[in-house]
Amino acid sequence: MQAQNNASVRQRVRRGVAYIRYSSRMQDESFSLAAQERQIRARAKEDGVVIVKVYSDEARSAYTNKYRPGIVAMLEDAQRGLFDVLYCHKIDRLARRLEWGIEIAKKLQQNDVVLKAVEQNFDLDTPEGKLMFHLLGSLGEFYSDNLSKETEKGKRE
């Protein structure tokens, strides 16, 4: 009887993972890996999800590097069914290009993994949630494109 109770408890516990990233050594402390992880763990606890692993990419651009080591490892583990929920701080931590973000989200969905962003509320199972995800992804790409343009302008001056 005890074994059955333990098995049913294990079935109810959702396994979560965190993906954290910063793109530059000069990144502000509020976006440090430790800060992102703290916020993710707090959100997961609220959701009743146990974080079983943290994937990270330090000083790796999500604009120029589609398949960073942390993303590759996370997607491989998703395919193996090792977790149920992926948490990130914001969508732009996963990808700064809308196309790449959509690709990652689709791979997660194909493996029955729920994607959650701590600072952004959306549900990819609803039309409104998909729209919100696309808007947030587009804004991340616009931010990077515009920053690059302004940086180039500054260099020319």
Name all residues meeting the side-chain contact (heavy atoms from CB on, under 4.5 Å) criterion together with Y143; count only those two or more places apart in sequence or in a different chain, and write none if there are none.
R96, L147
Any residue meeting side-chain contact (heavy atoms from CB on, under 4.5 Å) with R43, in chain and number order, not counting sequence neighbours
E46, D47, Y87, K116, V118
Donor + acceptor pair across side chains of Y55, R68 (<3.5 Å)
no
Gap between atom CD1 of I20 and atom CD of Q39 - 0.5 Å precision
11.0 Å
Nearest heavy-atom pair of A95 and G101: which atoms, and what distance?
CB-N, 3.5 Å
Do E141 side-chain atoms and L98 backbone N/O form a donor-acceptor pair below 3.5 Å?
yes
Hey, is the main chain of R93 close enough, under 3.5 Å, to the side chain of R21 for a donor-acceptor pair?
yes
Test item: K45 and I51 side chains (from C-beta on) under 4.5 Å apart, heavy atoms:
no
Quick one: which of N111, V113, L108 gives a side chain to side chain contact (heavy atoms under 4.5 Å, CB included) with Q79?
N111
E99 atom CD, over 12 foreign heavy atoms within 6.0 Å:
no
Looking at residues at least two apart in the chain, or sitting in another chain, which of them share a salt bridge (charged side-chain N to carboxylate O under 4.0 Å, His left out) with D77?
K53, R80
Locate the shortest heavy-atom distance separating D57 from G70; write the atom from each residue and the value.
OD1-N, 2.9 Å
side-chain contact (heavy atoms from CB on, under 4.5 Å) partners for D125, two or more places apart
Q109, D123
At what distance, to the nearest 0.5 angstrom, does CE of M74 lie from OG of S56?
12.0 Å
Can you list the steps and then say if K106 with I102 is a side chain to side chain contact (heavy atoms under 4.5 Å, CB included)?
CA-CA 6 Å; K106 281 184 180 178; I102 292 170; 3.8 Å; yes
Evaluation steps, side chain to side chain contact (heavy atoms under 4.5 Å, CB included), between V52 and V17:
CA-CA 6 Å; V52 296; V17 298; 3.9 Å; yes
Nearest non-hydrogen partners of G129 and L124, listed with the distance:
O-CD2, 4.2 Å
Working to the nearest 0.5 Å, report the span between CG of L86 and CG of L94.
6.0 Å
Does atom CG of N121 have more than 12 heavy-atom neighbours from other groups under 6.0 Å away?
no
Run E128 and M132 through side chain to side chain contact (heavy atoms under 4.5 Å, CB included) and show every step you take.
CA-CA 6 Å; E128 298 84 1; M132 181 60 69; over 6 Å; no
Is the shortest side-chain N to carboxylate O distance from R15 to D84 below 4.0 Å?
yes
Working to the nearest 0.5 Å, report the span between OH of Y19 and CD of Q36.
9.0 Å
Can you see which heavy atom on F133 is nearest to which on A105, and at what distance?
CZ-CB, 3.8 Å
Show, in sequence, the C-alpha distance, side-chain angles and deciding distance for L115 and I104, and conclude whether the side chain to side chain contact (heavy atoms under 4.5 Å, CB included) test is met.
CA-CA 10 Å; L115 172 60; I104 291 167; 5.9 Å; no
With a cutoff of under 4.5 Å between side-chain heavy atoms, which Ile, Leu, Val, Met, Phe, Trp and Tyr residues group with L131?
L135
With Q120 via side-chain contact (heavy atoms from CB on, under 4.5 Å) - residues at least two apart
K90, I91, A117, F122, L136
Could you grab the distance from atom CD1 of I71 to atom CD of E76, nearest 0.5 Å is fine?
11.5 Å
